[in-house]
Amino acid sequence: KEDYNEIKSGEFKLPAIAPYESYKLPIDTVIKDAVTGAEYFVDLKFSDENDTLIAYKQVSLGIISPKGKLSFDYDSFEIKENENYISLLSKDAKLRFDKGMLCYYEKNGKVILDEPMKLNIYRAPIDNDGVVNWAERWITKWNKHLYRYFDFFPFENKVENAENGEVKITFKGKFAPISKFVGFDLDIVYTILKDGKILIDMHGVPYGEFAETLPRIGVIFTLSSKFENATWYGRGEDECYNDILDHCNFGLYSKNIKDM
């Protein structure tokens, strides 16, 4: 496979292989012209004489082809600024930023995001993090440093509109709780492109006393409840984790969110 597209296929019958014997599979794995940025895999499926699947395995060919430089078309945006928010409007997209956060995103007349995105360094504790009121381990330290109460407080913003139509919005501020000297000096840069893509770059410098670990570093986007299906390229389609993942092959998958 090239990413999730099948480019070669075939099947053959295995000979009788005794215990502890090995057999070299006659598979053509030569890729003459690797596509820039693509990944290549061999999916192996083993079935019995009744065509019942008994085992499968995905093997990466280890072909590393450097990803090409992204190129985009740009559009002109109407930009409005006031003391409360920054909004952008083009023929295809509507965007609004409030307090440094993207809070509204509409593409081709469809509302995708209508709640502010949230920066997040906290998650619900699991057993490995400790047990409340017994062996709390990391839980006590995370609560002491108020991780669940961190919020972004912007104090400076800049809007740049380049000649090619690219819009770049930069927010500088602090990501921290209100009542404790701990947090990040944080820069957030949004680059808005014609086709509706939004590139987000963040750079934070910590200050104050942190615990030895952070529960997570991420961003939360709350999508409209009208969206029912998810499509992703990656491992699937069952659950997998860093230490349990070989049963999930790389591919293109789709699921209803109720089944995820």
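The list of side chain to side chain donor-acceptor pair (under 3.5 Å) pairs with a residue in residues 109-131, not counting sequence neighbours, reads Tyr122-Arg148, Arg123-Asp129.
In this structure, the side chains of Leu146 and Ser179 come closer than 4.5 Å at one or more pairs of heavy atoms. Side-chain contact between Val205 and Asp187 is absent, with no heavy atoms from C-beta onward closer than 4.5 Å. Between Tyr56 and Asn249, the closest side-chain pair of non-hydrogen atoms falls below 4.5 Å. Using a 4.5 Å heavy-atom cutoff, the side chains of Leu95 and Leu102 are in contact. Side-chain contact between Leu119 and Met202 is present, with at least one heavy-atom pair separated by less than 4.5 Å. Counting heavy atoms from C-beta on, the side chains of Leu186 and Phe171 never come closer than 4.5 Å. Counting heavy atoms from C-beta on, the side chains of Leu223 and Ile112 come closer than 4.5 Å. Taking 4.5 Å as the limit, every side-chain heavy atom of Val59 sits out of range of all side-chain heavy atoms of Tyr40.
At a cut-off of 3.5 Å, with distance as the only test, a side-chain donor of Tyr104 or Glu106 sits close to an acceptor on the other residue.
Closest approach of Ser254 to Thr231, counting heavy atoms only: OG-OG1, 2.8 Å. Closest heavy-atom contact between Val189 and Thr170: CG2-OG1, 3.8 Å. Summarising the geometry of Asn50 relative to Asp48, their closest heavy-atom pair is N-OD1, 2.9 Å, with the distance given to 0.1 Å. The nearest pair of heavy atoms linking Cys248 to Arg235 is O-NH1, 2.7 Å. In terms of heavy atoms, Glu239 sits closest to His247 at O-NE2, 2.9 Å. Minimum heavy-atom separation, Ile121 to Pro215: O-CD, 3.1 Å.
Remark: side-chain polar atoms of His203 are not paired, donor with acceptor, to backbone N or O of Asp185 under 3.5 angstrom. Judged by distance alone, with hydrogens and angles left aside, the side-chain atoms of Gln58 form a donor-acceptor pair with the main-chain N or O of Phe250 at under 3.5 Å. Checking side-chain atoms of His145 against main-chain N and O of Val182 turns up no donor-acceptor pair under 3.5 Å. For the pair Tyr147 (side chain) and Ala211 (backbone), a donor-acceptor distance under 3.5 Å is present.
Residues Phe97 and Tyr190 place their aromatic rings such that the two centres sit under 6.0 Å apart. Checked against the 6.0 Å centroid threshold, Phe221 and Tyr105 do not count as a close aromatic pair. Proximity of the aromatic rings of Phe175 and Phe152 is defined here by a centroid distance below 6.0 angstrom, and this criterion is not met.
Linking Ile, Leu, Val, Met, Phe, Trp and Tyr residues whenever their side-chain heavy atoms come within less than 4.5 Å places Ile17 and Leu25 in a single cluster.
Classification of Lys1 and Asp43 as a salt-bridged pair holds, one side-chain N sitting under 4.0 Å from a carboxylate O. Between Glu212 and Lys141, at least one side-chain nitrogen of the basic residue sits less than 4.0 Å from a carboxylate oxygen of the acidic one, meeting the salt-bridge criterion.
Counted within 6.0 Å of OH on Tyr85, heavy atoms from surrounding residues, nucleotides or ligands total 12 or fewer; the atom is thus considered open. The environment of CD1 in Ile217 is sparse: at most 12 heavy-atom neighbours from other residues, nucleotides or ligands sit within 6.0 Å. Residue Lys8 places its NZ atom among more than 12 non-hydrogen atoms of other residues, nucleotides or ligands, all under 6.0 Å distant. Annotation: Lys80, atom NZ; neighbour count of heavy atoms from other residues, nucleotides and ligands within 6.0 Å does not exceed 12. Crowding of Leu53 atom CG: a count of heavy atoms from other residues, nucleotides or ligands under 6.0 Å exceeding 12. Within 6.0 Å of atom OH in Tyr207, more than 12 heavy atoms from other residues, nucleotides or ligands are found, so the atom counts as buried in its surroundings.
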- Task: Evaluate the side-chain contact (heavy atoms from CB on, under 4.5 Å) criterion for residues Ser87 and Ile79: first the C-alpha distance (whole Å), next the side-chain angles of each, then the deciding distance (0.1 Å), finally the verdict.
- Result: CA-CA 6 Å; Ser87 64; Ile79 303 173; over 6 Å; no
- Begin with the C-alpha distance, continue with both residues' side-chain angles, and end with the deciding distance and a verdict on side-chain contact (heavy atoms from CB on, under 4.5 Å) for Val159 and Lys168. CA-CA 6 Å; Val159 180; Lys168 186 172 292 186; over 6 Å; no
- Task: Mind running side-chain contact (heavy atoms from CB on, under 4.5 Å) on Lys172 and Ile188 for me, showing each step along the way?
- Result: CA-CA 7 Å; Lys172 293 181 177 290; Ile188 306 176; over 6 Å; no
- Item | CA sep, side-chain torsions, deciding dist, call: Phe77, Lys94, side-chain contact (heavy atoms from CB on, under 4.5 Å) | CA-CA 9 Å; Phe77 286 89; Lys94 296 179 182 179; over 6 Å; no
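Aromatic ring pairs are classed by plane angle as parallel below 30°, tilted from 30° to 60° and perpendicular above 60°; the pair Trp138 and Trp142 is parallel.
By the ring pair (Phe, Tyr, Trp, His ring centres under 6.0 Å) test, Tyr253 pairs with Trp232, sequence neighbours left out.
Taking CD of Glu209 as the start and NZ of Lys180 as the end, the distance is 7.0 Å to the nearest 0.5 Å.
Applying side-chain contact (heavy atoms from CB on, under 4.5 Å) to Thr191 and the options Ile198, Val167, Asp201, Leu199 leaves one that passes, Leu199.
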